[in-house]
K.L.:
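Starting off with a structure, shown below.
Hydrogens, waters and symmetry mates are skipped; everything else that's a heavy atom, side chains included, is used. Not measured: the values here are computed from a predicted model.
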Amino acid sequence: MSAKYSQHYLKNYGVTASVRNRIAELCPEAQLLEIEHKALDKIAGRYPFLSKVPTLYLWVALHSSICVIGALCILLAVFQ
């Protein structure tokens, strides 16, 4: 599930980045790249830790935690 989510996200991000870059080439007075950099800097300032952690790692940590909790519950049920 996490790999599919990551693949889908990266595909859509790649397409939008290509479209944004092409629009920036065709219409430089729109200053799209400058706006993007300002927005990313604002988000990084507001969420310094989360902006550095890829979404895939968060999903893997969540799924791993659920698996470990499930395994512990099974072990507790078996040995009681």
K.L.:
Quick one: do the Asp41 and His37 side chains pair a donor with an acceptor below 3.5 Å?
P.N.:
no
K.L.:
Please answer: with hydrophobic residues joined when any side-chain heavy atoms are less than 4.5 Å apart, are Ile23 and Leu33 in the same cluster?
P.N.:
no
K.L.:
Minimum heavy-atom separation for Ala44 and Ser51, please, with both atom names.
P.N.:
CA-OG, 3.7 Å
K.L.:
Knowing that exactly one of Lys38, Glu36, Lys42 qualifies, which makes a side chain to side chain contact (heavy atoms under 4.5 Å, CB included) with Leu40?
P.N.:
Glu36
K.L.:
May I ask you to decide if the ring planes of Tyr13 and Tyr9 are parallel, tilted or perpendicular, using 30° and 60° as cut-offs?
P.N.:
parallel
K.L.:
Please name the residue in the list Ile66, Val60, Leu58 that meets the side chain to side chain contact (heavy atoms under 4.5 Å, CB included) test with Leu62.
P.N.:
Ile66
K.L.:
From Cys67 SG over to Leu72 CG, what is the distance, rounded to the nearest 0.5 angstrom?
P.N.:
11.0 Å
K.L.:
Determine whether Ser18 and Arg20 make a side-chain contact, defined as any pair of heavy atoms from C-beta on separated by less than 4.5 Å.
P.N.:
no
K.L.:
Would a hydrophobic clustering, with Ile, Leu, Val, Met, Phe, Trp and Tyr connected at side-chain separations under 4.5 Å, put Tyr57 with Phe49?
P.N.:
yes
K.L.:
With heavy-atom distances below 4.5 Å as the criterion, would you say the side chains of Leu32 and Asn21 are in contact?
P.N.:
no
K.L.:
Over all heavy atoms of both residues, which pair between Ala30 and Ile35 is shortest? Give the atoms and the distance, please.
P.N.:
O-CD1, 3.8 Å
